[in-house]
Amino acid sequence: MSVRIALAADHGGFRLKEEVISFLQENGIAYHDFGTYSEEAVDYPDFALLVAEAVRSGDYQLGILCCGTGIGVAIAANKVPGIRAALCHDTFSARASREHNDANILTMGQRVIGPGLAREIVRVWLASEFAGGRHARRVTKITEIEKKYGGCSGR
Ligand code: RB5
């Protein structure tokens, strides 16, 4: 099954999301744009939730979220059980977030990095895979924390 990306941003990340869309289109990667569709002010948790639920449902294997800093959408998305959203502003972290943490959502901040670096981060993130092994044991412990506090994730 080929990967499908769920994508969203708030107004502060709208232009970076458009850049990510260009990258995905140029590389023939399937995606759905959950909004926002302009720079009119919106609330970032609403858009983080759309992508987090889309990934949690299994309809989309991975998600990408943008806001001004990448922080708000990461915090909000990580409230959804089964979501491991990673804020990455460099390619080393992007690769490690997939290989070590099995991150299923990448978040970035439009006010922090430029479009060229964002494209490279997305490229590396999508090209990297979970390494398993000792990392799987640690990711399982993250899921156990979710269960302890009422999350019902089986993913
Ligand atoms: C919106 O002004 C800004 O707060 C938002 O995009 C994001 O940076 C929140 O973390």
* Asked: Among the clusters formed by ILVMFWY side chains lying less than 4.5 Å apart, do Val124 and Leu24 turn up in the same one?
  -> no

* Can Leu50 be reached from Leu65 by stepping across I, L, V, M, F, W or Y side chains whose heavy atoms are under 4.5 Å apart? -> yes

* Got a second to check how far Ser2's OG is from Gln61's CD, nearest 0.5 Å? -> 7.5 Å

Residues 33-43, side-chain donor-acceptor partners within the protein, below 3.5 Å, at least two apart:
unit_1 : atom_1 : unit_2 : atom_2 : d
Asp33  : OD1    : Lys17  : NZ     : 3.1
Asp33  : OD1    : Gly35  : N      : 2.9
Asp33  : OD2    : Lys17  : NZ     : 3.0
Tyr37  : OH     : Asp33  : O      : 2.7
Tyr37  : OH     : Gly35  : N      : 3.3
Ser38  : OG     : Glu40  : N      : 3.1
Glu39  : OE2    : Arg15  : NE     : 3.1

* Evaluate the side-chain proximity of Phe47 to Val73: yes if any heavy-atom separation is below 4.5 Å, no if none is. => no

* Structure fact -> Here the pair of heavy atoms bringing Ile105 nearest to Ala77 is CD1-CB, 4.2 Å

* Asked: Linking I/L/V/M/F/W/Y whenever any side-chain heavy atoms sit under 4.5 Å apart, do Leu87 and Val51 land together?
  -> no

* Roughly how far apart are Cys67 SG and Ile75 CD1, rounded to 0.5 Å? -> 9.0 Å

Side-chain donor-acceptor contacts of residues 114-123 below 3.5 Å, not counting sequence neighbours, with atom names and distances?
unit_1 : atom_1 : unit_2 : atom_2 : d
Arg119 : NE     : Glu19  : OE2    : 2.7
Arg119 : NH1    : Glu26  : OE1    : 3.0
Arg119 : NH2    : Glu19  : OE2    : 3.3
Arg119 : NH2    : Glu26  : OE2    : 3.1
Glu120 : OE1    : Arg123 : NE     : 3.1
Glu120 : OE2    : Arg123 : NE     : 3.3
Glu120 : OE2    : Arg123 : NH2    : 2.6

* Quick one: does Glu146's side chain have a donor or acceptor within less than 3.5 Å of a partner on Gly82's backbone? -> yes

* Can you list every pair that meets ring pair (Phe, Tyr, Trp, His ring centres under 6.0 Å) and has a residue in residues 95-128, with sequence neighbours left out? -> His100-His135

* Any sub-3.5 Å donor-acceptor pair from Asn101's side-chain atoms to Ala103's backbone N or O? -> no

* **Heavy-atom pair of closest approach, residues Asp10 and Gly68** => OD1-N, 3.9 Å

* With the 4.5 Å side-chain cut-off for hydrophobic clustering, are Ile71 and Ile64 part of the same group? -> no

* **Other cluster members, Phe130 - Ile/Leu/Val/Met/Phe/Trp/Tyr, side-chain contacts below 4.5 Å** => Val139

* Beyond-backbone contact of Asn104 with Ile83, side-chain heavy atoms, under 4.5 angstrom -> yes

* Which pairs count as salt bridge (charged side-chain N to carboxylate O under 4.0 Å, His left out) when at least one residue sits in residues 101-118, sequence neighbours excluded? -> Arg84-Asp102, Arg98-Asp102

* To the nearest 0.5 angstrom, please state how far the CG atom of Leu62 sits from the CG atom of Leu106. => 9.5 Å

* **Counterpart residues, side-chain hydrogen bond (donor to acceptor under 3.5 Å, both in side chains), relative to Arg4 (two or more places apart)** => Tyr60

* Determine the minimum heavy-atom distance between Gln110 and Gly13, stating which atoms define it. => OE1-C, 3.2 Å

* Exercise: identify the closest heavy-atom pair between Thr107 and Ala74 -> OG1-CB, 3.6 Å

* **Close side-chain approach of Phe23 to Ile29, heavy-atom, < 4.5 Å** => yes

* **Heavy-atom closest pair, residues Leu16 and Met108** => CD2-CB, 3.9 Å

* Does the side chain of Ile5 reach to within under 4.5 Å of the side chain of Val20, using non-hydrogen atoms? -> no

